Peer 1: 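Pasting in a structure now, in structure tokens, and then I'll have a few things to ask.
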Amino acid sequence: STKGNQNTGQGGGSAVKTDFGVTNTDITLGALTDASGPFKNLGLGITHGSELWATDVNNAGGICGRQIKLIEKDHGYATDKAIPLYGQMHDDVLGMVQLLGSPILAALKKQITDEKLVSVPASWASTNLDSPSVLMVGGTYDIEQLNGFSFMQQKGFVHDGDKIGHIYIDSEYGKNGLLGSQAYAKAHNLALVPEKITATDTDMTAAITGLKSEGVKAIALTTTPAQTASALTQAKAQGFDVPFIGNNPTFDPVLLSTPAKDAFDKFYFVNGVVPFSADLPAAKDVAAKYSAKFTDTPNIGVDFGYASGLVWQSVLTTACNDKDLTRQGILNAVAKTKVDTRELAGQLDFSQPGQPSSRMSYIAQADAAVPGGITYVKPLFESPEAAAYKTPFQK
Amino acid sequence: MGAFLQVLINGTGKGAVFALLALGFVIIYKATQVVNFAHGSLALFGGYVVAVLKPSVGWWVAALSGIAAAALLAVVVERLLLARARFASDAGLAILTIGVDVVLLTEIARRLGTEAAPFLGDPYDVRPIVLGGVTIGRTQAVAFGVAVALIVVFFVAFRFSSWGIAMRAQSENREAAALMGIRIAWVRAGAWAVGGALAGISVLFLATQDFSGGGLSPATHGVALAAFPAAIIGGLTSPGGAVVGGFVVGLTEAFTAQYVSLDFSKVAVYLVMLVVLVFWPSGLFGKVVQSRV
Amino acid sequence: MSSRPARARADRVWRIGKVVKITAVAALIAVLLLLPLYLPGDWLKVGTWIMTGAVGAIGLTILTGQAGQLSLAQAFFLLVGAVSYSVLTGPTTDPTYIGLGWPPLAGMIGAVLISGLAGAAFAPVSGRLRGIYLGVASLALVFLGFWLGRALPSIAGSTSSGRPPTPFSVFGLSVDVPRQLSEITIAGVPLGRDERSWYLFLFLTVVAYLLAQGAVRGRPGRAWRAVRDHETAATVLGVSVVRTKASVFAISSAYAGLAGVMTAWWTGITKPDESEVVGTYSVTVSIAFLAMIVVGGMGSLPGAVLGAVVVFGLPVALPLVTQGGSGTIGSGTAFTPIVITNLTFGALIILIILFEPRGLAGLGRRLGLRLPGRAPGEQPTGRAGRRRVTDRAATRQA
Amino acid sequence: MTQTTAQQTRSGRRVRPLRVDDLTVRFGGLVALDHVSFTVEPGSIHALIGPNGAGKSTCFNAISGVYRIAEGRITLGEIDLTKTRAHRLAGLGIGRAFQSLSLSPTSTVFDNVMLGRHSLTAGGFLSYGLRAPWTSRSARRHGERVTEICEFLGITRYLRTPAGALPYGDQKRVDIARALAVEPTLLMLDEPAAGMSAGETADMARLIQDVRDELGVSVLLVEHDMGLVMGIADRVTVLDFGRLIADDVPAAVQSSPAVIHAYLGNEDSAGDAGGEPGREAG
Amino acid sequence: MLSVRQVSVRYGRSVQALSEVSLDVSDGSVVAVLGGNGAGKTTLLRAISGTLPLHNGAISHGQVLHNGVRIDRMDPAQIVRRRVLQVPEGRQIFTGMTVEDNLRAGGLASPARTRTAARDRVYELFPVLAERARQVGGLLSGGEQQQLAIGRALMASPDTLLLDEPSLGLAPQLVSRLGSIVQQINAAGTSVVLVEQNATMALGVAHWAVVLEVGHLTLEGSAEELVESDDIQQLYLGGHAESEAAAVAAATEAQDHRRRRPTLRAWSG
Ligand SMILES: Nc1ncnc2c1ncn2[C@@H]1O[C@H](COP(=O)(O)OP(=O)(O)OP(=O)(O)O)[C@@H](O)[C@H]1O
Ligand SMILES: Nc1ncnc2c1ncn2[C@@H]1O[C@H](COP(=O)(O)OP(=O)(O)OP(=O)(O)O)[C@@H](O)[C@H]1O
Ligand SMILES: [Mg+2]
Ligand SMILES: [Mg+2]
């Protein structure tokens with residue numbers, strides 16, 4: 001049999017302890033992404049962002065004397081394809097800079113936990129904070145919604161006792177956003193009207209018609225960009241003039257080149273990770289590097305991918321200082337890591353198990369007139385509601 | 001009351017597009033007994049051609065080219081693949097269309113890349129007509145008009161030409177039809193051309209902000225799935241039934257979304273279909289297959 | 001009239017064929033038993049996924065190929081199986097998910113029974129409808145399942161993270177053991193999760209296959225084919241058409257239920273889909289099962305397995321081949337491995353139907369493996385044709 | 001229709017008279033059978049003849065429970081067939097071959113005939129799936145009988161051939177074998193000689209007589225070949241437009257003016273054809 | 001004038017169903033084709049009507065000419081437009097369509113103005129079809145279906161009519177009516193090729209007759225000649241039997257290649 005001898009990969013003579021995915025010259029990280037399925041825009045963005053980071057790091061001499069190598073695999077957002085692909089790569093990588101797809105993360109969560117394979121999920125649901133192997137970069141959707149509503153109330157769009165609506169996808173993403181609006185509604189005695197949709201629904205007519213007849217004062221969105229556009233145009237068409245607050249993934253600047261472009265005036269979105277097009281120095285730096293190298297239409301994933309790289313960089317550096325680049329060493333390092341991702345995702349703190357690494361968000365508005373299509377209406381902030389909020393796995 | 005009317009209008013508008021899809025589906029089925037799983041891809045292909053041509057030749061030429069392209073592709077699929085799979089069963093041919101569907105969907109999705117999804121309804125999209133308290137998406141209104149016009153055309157064609165008879169005859173018994181002088185290849189290819197053209201027309205409404213909130217994307221393909229229950233509710237062999245089925249689906253979806261829950265609306269469509277089938281096992285207007293010994 | 005020697009010769013050929021076949025089957029089983037000692041984990045995963053598909057396809061080929069009843073509900077019963085298993089074996093202490101704490105073996109059998117019963121409950125529809133109407137009617141179940149799964153998170157696992165199904169174990173022997181910790185080894189190869197799953201899945205698939213084979217060759221199989229080919233004749237010969245249709249639907253559902261339990265083990269999670277079109281229990285999966293049995297050859301049990309190899313195996317195996325190295329992902333319009341996989345898959349389906357309309361089982365026979373004991377009622381290789389290009393026999397039936 | 005004693009087949013199944021009593025079948029406005037009555041005496045060969053569309057096959061369908069009847073009663077001995085579910089009739093000893101072929105074309109001849117044993121055997125998915133020992137015993141026993149029946153019909157060489165690949169005449173034989181496999185006390189044959197040449201028709205006549213003689217069962221027969229009918233039938237019932245116009249021994253029926261007018265045709269009308277009368281005039 | 005010249009036909013790669021068969025059907029004549037099961041009668045008609053490809057068959061040698069034009073390369077629709085019409089074996093009516101629509105389908109290839117007249121004529125020949133005009137074809141009795149099949153072909157006002165076993169399943173009276181109908185059709189100027197098992201009827205109406213045996217043309221001659229021939233008498237006409245018993249005996253003798261039937265004992269349970 002060929003399978004008798006086990007991989008015990010000792011990293012050779014250096015003083016640093018290693019097990020998987022690390023040699024004397026390389027540190028290999030994996031990316032399990034969607035480059036061909038429904039989330040290929042996001043997947044490609046993140047992957048390319050991480051690649052930019054890896055290039056930057058390697059040009060600067062690598063980490064711990066080693067170059068960063070990425071193994072990227074495309075699963076097309078299919079769990080059945082992702083599972084063997086994970087099986088193919090898991091012995092070759094130290095951890096993952098990207099694990100995209102909530103059904104896939106759900107299926108692999110037990111394995112990455114068992115195998116101590118630290119991975120950055122490409123989604124921000126606080127319900128995944130139960131595993132120490134899940135390295136959540138940035139604020140979670142529930143936090144975003146809390147900050148978002150706080151902003152709305154500040155602006156006077158919503159008052160205590162009002163009725164509000166929330167259109168959310170019935171998924172990890174949507175449900176986590178809903179946790180936030182529910183918490184906010186509870187704190188401020190708002191009546192919340194949830195409208196559950198599925199990820200592939202694109203027509204929000206019925207949802208808007210429904211919320212209009214309920215007479216809500218503001219609508220939260222935890223949807224896809226196309227769904228956002230549909231909701232906004234429908235509301236406009238039906239003369240239903242309320243403000244919208246959307247989670248980070250609800251917006252994509254390409255929407256501004258669609259017929260929906262005129263419907264964005266009352267739309268605000270909250271993000272923990274800065275959008276690609278943001279007019280902020282760090283974001284512009286990434287954007288410039290991206291445009292020089294890639295042709296795909298960029299999106300928020302690029303900055304997130306880069307930020308995830310920065311987080312790994314900090315973790316690896318800590319682990320290197322501890323002379324332990326094993327998986328356990330990485331886990332130990334994560335628990336000590338605080339990173340400044342500059343404006344990409346603000347200050348991140350991974351030392352609190354079960355808690356998001358940040359509770360801060362930006363508020364932005366779509367604006368076709370400015371470069372990047374976005375104006376920031378509120379810089380990074382942490383609302384009192386978000387600060388007080390207890391995430392599902394918070395001890 | 002305002003909401004009710006609005007829902008009625010939303011449902012009717014959607015129904016018109018489903019009706020167009022289902023009509024093409026049924027015509028293909030009626031003529032060739034093939035359950036065309038690639039119907040959504042035909043639509044997507046037509047839409048892709050429109051999206052590619054629109055910037056250079058304008059909407060009208062692009063739209064016509066898209067319809068023609070979808071029709072042509074349908075004919076190619078029929079002539080090049082289905083007609084050659086002479087010994088395949090009906091189920092085999094249906095599966096063959098799945099193969100076609102996978103190839104088309106994959107390739108078009110690849111070509112669409114990461115660009116913004118192209119929108120196809122320029123002359124009517126996002127220009128609602130507001131009447132009193134209700135908003136009528138212009139897309140819906142145009143789709144409704146087109147659907148009604150086409151339905152009349154087909155009704156006349158079936159009624160007053162031999163096309164319908166030839167279609168049925170050759171789908172039932174190819175040899176006997178050949179012995180009646182029916183040009184089987186023409187009839188079959190013709191039916192596919194019509195089905196493809198209808199798919200090409202419907203995508204002009206599917207890939208709009210008004211109808212689906214999105215431009216042309218692989219999701220458009222998924223929306224076309226509604227042609228299934230629509231065609232079955234009406235009865236697979238009845239073009240008129242397909243139209244009725246389309247409206248039933250559109251209205252059921254709209255009303256359950258409003259008065260039960262949005263989430264439940266798709267299930268509701270299928271539950272309505274089940275109820276119809278329990279009472280009319282071949283759909284509302286489908287021919288009951290009788291046999292004797 | 002065939003002479004006596006001729007018949008004796010035919011019998012001899014038949015007997016030789018049987019010996020050849022038994023040898024081939026024995027060799028195949030030996031190979032399947034030894035494979036885990038050589039194949040890496042990811043490929044074992046491909047194998048167990050194929051077996052999962054095969055179990056569901058065997059059920060469907062009985063229903064559709066043997067009894068002539070089209071069903072697109074296989075994905076729904078997959079869901080029923082997976083969820084039932086998770087509930088039956090789930091811990092009783094979990095506050096979020098309902099669990100009954102049964103042992104896995106009992107849970108598996110229970111899940112199969114529940115799926116079968118759910119199929120039986122569809123009798124008012126499955127007994128009345130036929131053909132494509134039944135096909136689309138059964139599609140309603142997939143939508144119903146999609147909705148129910150999300151409406152009942154405490155049972156089906158929520159859409160946000162799902163519920164982990166209890167790994168299989170019996171007599172204290174668990175499947176869920178990491179390779180590193182495995183105390184059982186064969187020829188120096190420790191049997192970890194993947195290897196153990198392989199043997200478990202193989203066992204279940206073989207049992208499912210043999211059960212189906214016995215039934216197909218025996219009295220139930222004859223009744224199914226009679227109902228498929230001629231309902232009136234079947235009735236006159238003593239077969240209750242309605243009962244046969246309903247029961248075969250239930251049997252096929254039970255098979256899908258088992259495949260569902262296997263799916264839960266394989267994916268390691270029970271979680272409702274995010275979309276009715278793509279996902280583990282979606283319309284696409286139902287259609288995939290249909291594709292399996294057609295590609296394999298309607299009604300043929302080996303065909304169902306071969307179909308699973310193509311339809312379930314190919315799409316998960318190809319990415320392993322094409323993404324073996326440490327390559328990077330291209331641009332949005334690149335021919336990524338998944339794009340290539342999908343194109344290959346689609347083209348292969350087209351080619352199989354074009355050139356081997358009676359499915360892969362027919363191809364096997366054409367290659368000279370014309371062996372006895374093929375499932376009765378499969379399309380023979382003769383000049384059977386499309387229904388409407390009636391052959392001599394059929395023309396008289398009009 | 002006087003003496004209706006039941007007799008015994010050698011297998012012990014009682015051969016009972018089949019009484020069709022005042023049978024009416026309608027299809028919408030069409031009266032396909034109009035108050036028809038006749039009795040098939042045990043062990044007799046009883047022919048049912050009449051012009052095309054007279055209702056012969058409809059009568060068969062009514063007896064075998066395929067059509068719902070509007071009025072009347074059909075009894076086999078004491079059993080009221082009209083109150084029995086169609087699929088139970090085979091178990092009561094009614095075997096039927098069809099006018100149009102209705103075999104499973106892709107199943108082997110053996111399998112097709114074995115289907116006839118359905119009501120004589122038991123066991124479902126689990127017992128066969130698990131290969132319970134008794135199932136293989138039963139399969140062997142009934143398989144032997146099927147082979148016997150096929151030998152009798154001269155189709156043994158096809159046992160492992162798909163039925164659809166057989167010549168028409170042989171398919172008809174398989175159909176009859178399947179009906180015999182039910183171990184019927186009443187064998188119903190709908191146009192068994194259609195499409196057969198004179199020689200084959202004669203062979204079929206012998207076969208029907210042999211079945212009756214060797215098994216002692218009753219045979220109810222629909223046939224347009226008058227040579228065959230008049231040669232072997234003990235009694236002939238004639239239908240025309242759903243009504244019974246004659247019910248008598250062959251010789252009497254053959255000379256009945258009503259029957260000649262409605263069905264047989266006479267020298268004159270045949271003369272129109274410019275040729276000899278059909279071979280059926282024998 | 002239809003002429004079949006040395007035509008050989010194969011099905012698939014292996015089955016040779018006709019070998020060098022020649023046959024002339026002169027205008028206005030009735031030609032009977034006799035032969036046992038599987039002799040190739042149907043195949044001959046398919047070779048003329050161009051439907052062989054639908055059965056995976058092909059003319060491997062020889063030509064078929066209609067009025068001097070080669071039709072063996074044409075597709076069925078073109079041949080029908082030359083008004084050469086075949087009534088296929090086993091009726092093959094459109095079972096899901098009404099009687100009326102079946103007839104309409106039959107008239108598709110002919111000019112619209114002639115259709116009503118043609119239909120009236122069909123109804124006149126087969127009154128039962130008029131009665132059942134709205135009934136679905138599949139629900140007709142066997143004999144009614146046969147009438148519909150013939151009527152459907154007549155809708156195209158054929159120049160040459162190819163009938164494949166039209167008497168199958170017809171009642172005796174109708175068989176003789178069929179004979180006279182064939183003669184009527186013929187009298188109106190249509191040539192007829194009549195494939196029949198019922199040799200009595202066929203020879204009664206035919207001018208010329210041929211016998212096919214396993215793909216070879218073995219006998220031909222005028223109908224009168226063939227009626228007198230001994231072979232024909234024995235194999236196809238059942239001999240000059242005085243009584244039915246004798247007919248049975250004679251036929252059994254003619255079929256002496258059939259083995260003795262074993263006795264079927266009653267089943268002992
Ligand atoms: N299921 C049905 N629905 C409507 N009409 C029917 C049905 N079955 C039979 N008929 C009609 O009833 C009449 C009797 O038909 P049946 O089949 O009994 O005739 P038959 O005597 O067997 O004739 P043949 O000798 O031609 O087979 C026919 O006119 C036929 O059209
Ligand atoms: N589609 C086919 N494929 C292969 N062989 C065929 C096919 N059709 C007919 N044959 C074979 O060709 C030969 C001639 O058949 P054909 O149908 O012409 O006979 P026939 O004289 O019409 O017989 P019948 O009286 O039974 O109708 C037979 O041996 C038959 O088995
Ligand atoms: Mg009849
Ligand atoms: Mg023939």
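Bear in mind the structure is a predicted one, so any value in this text is a computation, not a measurement.
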Peer 1: Tell me the closest heavy-atom pair linking D:His87 and C:Val239, and the distance in Å.
Peer 2: CB-O, 3.4 Å
Peer 1: Heavy-atom pairs under 4.5 Å with chain C - which of D:Ala179, D:Ala90, D:Gly65, D:Ser64 has more of them than the others?
Peer 2: D:Ala90
Peer 1: In this structure, are over 12 heavy atoms from other groups packed under 6.0 Å from D:Arg73 atom CZ?
Peer 2: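 No, CZ of D:Arg73 has 12 or fewer neighbouring heavy atoms, counting only those of other groups under 6.0 Å.
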Peer 1: Go through D:Arg85, D:Arg178, D:Arg88 and name the one with the most non-hydrogen pairs under 4.5 angstrom from chain C.
Peer 2: D:Arg178
Peer 1: Can you check whether D:Ser102 reaches C:Thr232 side chain to side chain, under 4.5 Å on heavy atoms?
Peer 2: no
Peer 1: Answer whether the closest heavy-atom distance between the side chains of C:Val236 and D:Leu89 falls below 4.5 Å.
Peer 2: no
Peer 1: Specify which of D:Ala139, D:Gly124, D:Gly123 makes the most heavy-atom pairs with chain C at under 4.5 Å.
Peer 2: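 Heavy-atom pair counts peak at D:Gly123.
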Peer 1: I'd like to know which of C:Val241, C:Leu210, C:Leu211 tops the heavy-atom pair count under 4.5 Å against chain D.
Peer 2: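 Of the candidates given, the most pairs with chain D belong to C:Leu211.
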Peer 1: Check this for me: D:Phe27, atom CZ, are more than 12 non-hydrogen atoms of other residues, nucleotides or ligands nearer than 6.0 Å?
Peer 2: yes
Peer 1: If you compare all heavy atoms of C:Gly238 against all heavy atoms of D:His118, which two are closest, and at what distance to 0.1 Å?
Peer 2: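 It is O-CD2, 3.4 Å.
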Peer 1: Is any side-chain heavy atom of D:Thr106 closer than 4.5 Å to one of C:Arg225?
Peer 2: no
Peer 1: Under a 4.5 Å cut-off applied to non-hydrogen side-chain atoms, are D:Met114 and C:Arg219 in contact?
Peer 2: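 No, side chains not in contact.
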Peer 1: Report the option among D:Ser119, D:Ser104, D:Gly95 that has the most heavy-atom pairs separated by less than 4.5 Å from atoms of chain C.
Peer 2: D:Ser104
Peer 1: Which heavy atom in C:Leu237 sits nearest to a heavy atom in D:Gly116, and how many Å separate them?
Peer 2: CD2-CA, 4.0 Å
Peer 1: Between C:Gly221, C:Ser247, C:Ser240, which residue shows the highest count of heavy-atom pairs closer than 4.5 Å to chain D?
Peer 2: C:Ser240
Peer 1: With a 4.5 angstrom heavy-atom cut-off, could you sort out which part of D:Ala181 is near chain C: side chain, backbone, both or neither?
Peer 2: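 The answer is neither part of D:Ala181.
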Peer 1: List the atom of C:Pro220, the atom of D:Phe125, and the distance in Å for their closest heavy-atom pair.
Peer 2: CG-N, 3.8 Å
Peer 1: Checking side chain to side chain contact (heavy atoms under 4.5 Å, CB included) against C:Arg222, which of D:Leu115, D:Val113, D:Asn112 comes through?
Peer 2: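 Among D:Leu115, D:Val113, D:Asn112, the one that satisfies the side chain to side chain contact (heavy atoms under 4.5 Å, CB included) with C:Arg222 is D:Leu115.
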Peer 1: At a heavy-atom separation under 4.5 Å, does C:Ile251 approach chain D through its side chain, its backbone, both, or neither?
Peer 2: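 Side chain only.
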Peer 1: Checking side-chain polar atoms at under 3.5 Å, does D:Thr135 have a donor or acceptor matched by the opposite partner on C:Arg217?
Peer 2: no
Peer 1: Which one wins on heavy-atom pair count under 4.5 Å against chain D: C:Gly214, C:Ala212, C:Ala226?
Peer 2: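 Maximum pair count with chain D is reached by C:Gly214.
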